[in-house]
Amino acid sequence: MMEIAGSYGRYFRRSLVYTIIATLIQVASYAVLVPLMMAICHDKPNTEIWSWVGFYAATIVVEVFFRLKSMNFNYQYWPCVIGEQRIRLAEALYKMPLLQLREKDVGDLSEIMGSNVMNAANALSSLANIFVEVVSLPILLWVAITLFDYRMGLILAVSLIAMLPILYKIQAIYNSSSADLDRADAESASRIIEYVKGIAVFKATSQAGAKSPRLEAVFHDQQEIQSHGNKSSASYISLCQFIVQLALVILIAFAGYLAQKHSLNIPKTVALVIIAVHIIEPLNTIAAISKLFEIAEISLQRIKNILNSKGLPQLQPQAIPQKFDINFNQVTFEYPDSPVVLHDIDLALPSESLTGVVGSSGCGKTTLVQLIARFADPTKGEIKIGGVDIRSLTQSQLSSLLSIVYQDVWLFNDTIRANILMGRPEATEEELIHAAQSANIHDFICSLPQRYDTLVGEVGSSLSGGERQRISIARAILKNTPIIILDEPTASLDSESEYAVQRAISSLIKGKTVIMVAHRLNTLTAADKIIVLDRGSIIEEGCHEDLIKNKSYYYNMWNTQLKLT
Ligand SMILES: Nc1ncnc2c1ncn2[C@@H]1O[C@H](COP(=O)(O)OP(=O)(O)OP(=O)(O)O)[C@@H](O)[C@H]1O
């Protein structure tokens with residue numbers, strides 16, 4: 001619990017203390033019933049009866065006061081706890097190696113950050129207090145009953161303890177349904193995201209809406225699991241309550257027997273039975289909330305799995321590099337449970353040079369460039385920037401050294417200004433406009449109704465691939481890092497857009513150390529060096545003219561592309 005409470009732990013502890021105080025006072029109020037009943041039945045003077053009534057009323061007022069104090073946590077800090085947990089998760093995701101993050105299911109992650117955090121916080125805000133109350137109240141009331149009549153206390157304890165193994169057994173039977181339901185919820189969240197992202201494909205294949213078998217199957221499963229879960233939890237709660245009520249029946253029968261034998265007087269019997277009823281009430285609640293605790297426990301486990309995932313290790317910290325040449329020394333890499341993708345790569349990229357990476361599909365080009373950004377660490381070997389092993393840099397140090405431009409551009413549903421400023425939030429208006437002009441996108445932005453304040457969401461679908469790409473390049477220009485990684489930035493563009501984006505790229509890479517993956521070899525003819533990869537190994541290296549002269553792998557690729565154009 002304290003883990004979820006995070007920095008609000010002391011408020012949570014305080015609220016539990018208030019609950020305990022309120023419960024103690026509640027017990028005192030019930031205990032007052034015994035002398036009150038005795039005073040009424042034994043015709044005691046009115047003053048004595050009224051003083052007991054007054055005492056009873058006073059305990060109720062004080063109890064309500066402390067209950068309200070304990071609830072303060074719910075409405076004041078509960079939303080803060082949720083916010084804090086979500087920030088912690090977001091930070092854990094940020095630290096997670098990209099390779100590991102990409103393997104996570106988006107639906108699953110949104111379920112964790114959404115419902116799972118809510119479930120865990122609910123357990124903290126309301127369930128914990130109820131739990132303290134429903135556990136401590138019966139114990140304290142039992143102590144009170146035992147003090148008034150040890151035989152009643154004994155019979156109550158024996159009958160409740162005898163029922164514990166049965167309750168435990170029932171709980172074990174019903175336990176699995178919550179985990180199944182949680183899994184079904186996560187699966188359904190994933191399918192919904194998949195459906196929304198792939199709706200164009202679903203429409204094209206006439207599998208949209210009710211005709212989508214994937215969506216239908218997952219909703220059907222979820223319904224089944226949900227109704228099974230609801231049925232089982234309803235019967236679980238009823239069964240537990242029935243068993244707990246049995247203990248009350250035994251106690252009442254025993255109290256009647258003692259009263260018949262004149263071993264217990266009537267007012268005391270009535271008062272003790274009233275108190276015993278108040279023991280049973282919270283015990284019934286335990287059955288209901290234990291189900292909610294179980295759901296919270298599963299949610300907490302899923303949250304912890306993210307929070308406990310380890311980031312990439314950091315070597316002894318070093319000063320941020322002052323030179324920006326990049327060196328691969330004997331770098332080998334393999335994805336988990338996959339064959340080796342890169343073999344013993346030795347590569348030197350001088351400062352302020354442009355290096356192209358080419359090769360057939362799947363030969364490891366993207367993997368090679370992503371290793372520079374520590375998307376994952378090499379299985380063997382090292383990568384250095386300006387002589388500094390990148391594993392000794394913090395994530396933000398490394399990020400400040402490089403910008404990556406991908407083929408698929410991700411723009412946030414915010415203004416165009418905000419999207420570009422992500423490169424350097426503190427940039428001035430002049431710097432922003434200069435970056436957009438350099439990226440060849442300023443005129444287009446000015447043609448939009450709200451210019452730089454146009455929301456990407458409003459024009460998102462009408463932005464062409466080239467326009468989106470130039471916005472992302474403007475962001476990189478503004479960031480102004482000494483190293484630029486380009487992973488097929490023009491691969492999906494038509495030749496007109498490609499020309500505009502190429503001009504933007506020329507502005508971006510001026511005076512930088514650049515590594516660029518490209519399928520279209522004509523984009524690399526001016527590169528200082530081109531490396532040719534085949535099945536994870538460098539098989540050729542040199543400038544365009546040298547590689548053509550070699551008449552080998554690159555030469556064949558070039559001729560094939562010439563024939564196609
Ligand atoms: N996350 C992953 N887990 C396992 N294998 C992967 C993963 N990502 C890529 N691979 C495999 O690693 C190999 C190299 O992939 P990579 O994307 O680096 O190739 P590429 O040369 O950039 O391909 P393309 O030109 O088609 O983009 C491929 O066989 C690919 O299937």
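Treat the numbers as computed from the prediction; the structure is a model and nothing was measured. In listed order, ligands and their atoms are each counted from 1.
- For H544 and Y554, the gap between ring centers is short of 6.0 Å.
- Distance screen at 4.0 Å: atom 10 (N) of ligand 1 has a protein heavy-atom neighbour inside the cut-off.
- Atoms CG and CD, from L486 and Q407 in turn, are 12.5 Å apart once rounded to the nearest 0.5 Å.
- Taking both residues in full, the closest heavy atoms of I320 and L393 are given as CA-CD2, 4.3 Å, listed atom of the first, atom of the second, then distance.
- With a 4.0 Å heavy-atom cut-off, ligand 1 is reached by the side chain of H519 but not by its N, CA, C or O.
- Of all the listed residues (T367, V369, T366), T366 holds the heavy atom that lies closest to atom 22 (O) of ligand 1.
- In terms of protein heavy atoms, atom 2 (C) of ligand 1 is closest to Y335 CD2, 3.4 Å.
- For atom 30 (C) of ligand 1, no protein non-hydrogen atom is found at a distance below 4.0 Å.
- Considering CE of M113 and CD1 of I87, their distance stands at 7.5 Å, rounded to 0.5 Å.
- Distance alone, capped at 3.5 Å, is enough to place a donor-acceptor pair between the T454 side chain and the Q450 backbone.
- Here K384 pairs with E382 in a salt bridge; the nearest charged N to carboxylate O distance falls below 4.0 Å.
- Against a heavy-atom cut-off of under 4.0 Å, V341 is close to the following atoms of ligand 1: 12 (O), 13 (C), 14 (C).
- In H519, the NE2 atom is crowded: over 12 heavy atoms of neighbouring residues, nucleotides or ligands sit closer than 6.0 Å.
- The shortest contact between atom 25 (O) of ligand 1 and any protein heavy atom is with K365 NZ, 2.8 Å.
- Ligand 1 lies less than 4.0 angstrom from a heavy atom belonging to C363.
- Rounding to the nearest 0.5 Å places CG of L455 at 12.0 Å from CZ of R417.
- At a heavy-atom cutoff of 4.0 Å, ligand 1 is contacted by both the backbone and the side chain of S361.
- Taking only nitrogen or oxygen atoms, main chain and side chain alike, G362 reaches within less than 3.5 Å of ligand 1.
- Atoms of ligand 1 found under 4.0 Å from any heavy atom of S338 (numbered from 1 in listed order, with element): 4 (C), 5 (N).
- Interatomic distance, CE of M516 versus CG of L524, reported as 5.5 Å (0.5 Å rounding).
- Inclusion of G364 in the set of residues having an N or O under 3.5 Å from an N or O of ligand 1 is warranted.
- Listed by atom number, the atoms of ligand 1 under 4.0 Å from L99 heavy atoms are 1 (N).
- Contacts between L368 and ligand 1 below 4.0 angstrom, taking non-hydrogen atoms only, are absent altogether.
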